[in-house]
2 protein chains.
Amino acid sequence: MKYDSKMCETLLESHGIKPTANRILVVKALAESLRPMSLSELECEILSVDKSSVFRVLTLLREYHLVHVIEDGGDGVRYELCRSTDGHEHDDDQHVHFYCEECHRTFCLTDIPIPTINLPEGYVLENINYMAKGRCPKCAHKKENSW
Amino acid sequence: MKYDSKMCETLLESHGIKPTANRILVVKALAESLRPMSLSELECEILSVDKSSVFRVLTLLREYHLVHVIEDGGDGVRYELCRSTDGHEHDDDQHVHFYCEECHRTFCLTDIPIPTINLPEGYVLENINYMAKGRCPKCAHKKENSW
DNA sequence: CACAGTTTGCAACCCAGTTGCACGGAATCC
DNA sequence: GGATTCCGTGCAACTGGGTTGCAAACTGTG
């Protein structure tokens, strides 16, 4: 998918957010990334913007359900653009993620839906985090060869 | 399940760990807890032991596969006693966890196994973290009444 | 008892995430 | 158009969980 600044701008507006320069940059970075990004990854990606500003933009985007967070198994949380039908409270596009313990990247397995379970009586489900961990194709391959 | 100090001691020994006072306390706390505990929860539970000591005990227990960690969706990681057949590299007892966004506690749904998926070509699976989030029976009930 | 190795508590450190604050630019109101 | 308010931003400082360094206490072995 190709994203230019203009598209990010309208995306923001369609969610009722004023499209400032920083916000567009953050959305663009997220949109162009194939993988969910951590705060620090975003910081590195957009050096022109201060860490705290990136943080505040992300918080804002979360409030307006334009991004959601997932926990990579590693250190912190990662942010992912909601690609679902816009503006919904809950994201329909929940899918399985894969965390590579070698290169510490998180992949979206977009076409694998999260298998559901039957919760015991009384529990109210909000959302599910399904994180598979191991080695991504590239790292698994590398290892194989180095042995 | 009832756990006294003696049992914890033998549990440690059976894993090849010298059973010191602190270690027994930590294992006991974990064993008695119905839920996986965070480092800080353990700190509060065992006030007599220093934070860093708890931390070191936990690291040790992890090395010897007596406890494993899971990510609650919240702030950090939680520690859970491995109840699987002892000493295995990988825990057979992986089950679904439920994180209550109200009271921030993590529950083990011990009798719900993690549903498996078919990973795309090339990915090497190590383990899976299945975390359902929402409200636990108690909190869901509370909310219901307050409305 | 002396000695080497291990375990522990304390204090200091680290660092990602977060907040306070004051400047600067945009929107709003005479 | 110019004053005023509001909002977004960068900087610096703070926070708190996790981690490490170090020296004291403790263990056990000859």
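Below, read A as the first sequence line, B as the second, and so on, with proteins coming before strands; counting in each chain starts at 1.
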Exercise for the section: Can you tell me the distance, in whole Å, between the CD1 atom of A:I17 and the C1' atom of D:dT9? Expected result: 17 Å
Exercise for the section: Just call it for B:K51: base, sugar-phosphate, or nothing, with non-hydrogen atoms closer than 4.0 Å on any strand. Expected result: base
Problem - First of A:R23 and B:D50 reached from the 5' end of DNA chain D, by closest nucleotide - result: A:R23
Exercise for the section: Return the value, rounded to whole Å, for the distance between atom CG of B:L58 and atom P of D:dG17. Expected result: 15 Å
Problem - Whole-Å distance separating the CD atom of B:E63 from the C1' atom of C:dT6 - result: 14 Å
Exercise for the section: Could you tell me whether the side chains of A:H68 and A:Y79 share a donor-acceptor contact shorter than 3.5 Å? Expected result: no
Practice task
Ignoring backbone atoms, establish whether A:T20 has a side-chain N or O less than 4.0 Å from OP1 or OP2 of D:dT9.
Solution key: yes
Exercise for the section: For A:S38, answer base if it contacts any base atom (sugar-phosphate contacts may also be present), sugar-phosphate if it contacts only those atoms, and nothing otherwise; contact means non-hydrogen atoms under 4.0 Å. Expected result: nothing
Exercise for the section: Could you give me the CA-CA distance, side-chain angles and deciding distance for B:E43 and B:E45, then say whether side chain to side chain contact (heavy atoms under 4.5 Å, CB included) is met? Expected result: CA-CA 5 Å; B:E43 278 173 56; B:E45 193 66 27; over 6 Å; no
Fill in the blank from the handout: Rounded to whole Å, CG of B:L47 lies from C1' of C:dT8 at a distance of 17 Å
Fill in the blank from the handout: Ranking D:dC11, D:dT9, C:dG9 by distance to the side chain of A:S53, first place goes to D:dT9
Completion exercise
Rounded to whole Å, the CG-C1' distance (B:L39 to D:dG16) equals 12 Å
Exercise for the section: Look at B:S52 and C:dG9 and indicate whether a side-chain polar atom (N or O) is within less than 4.0 Å of OP1 or OP2. Expected result: no
Practice task
May I ask you to decide if the ring planes of B:F107 and B:F98 are parallel, tilted or perpendicular, using 30° and 60° as cut-offs?
Solution key: tilted
Completion exercise
Testing C:dA27, D:dT9, D:dG18 for proximity to the side chain of B:F55, the answer is D:dG18
Exercise for the section: Have a look at A:S48 and say if it touches a base, only the backbone sugar-phosphate, or nothing, with a 4.0 Å heavy-atom cut-off. Expected result: sugar-phosphate
Exercise for the section: Answer yes if the side chains of A:N22 and A:T20 hold a donor-acceptor pair under 3.5 Å, and no otherwise. Expected result: no
Practice task
For the residue pair B:M131 and A:M131, establish whether any side-chain heavy-atom pair is separated by less than 4.5 Å.
Solution key: no
Handout entry: Heavy-atom donor-acceptor pair, A:R56 side-chain to C:dG17 base, under 3.5 Å
Key = no
Exercise for the section: Measure the distance from CG on B:L42 to C1' on D:dG18 and round it to the nearest whole Å. Expected result: 14 Å
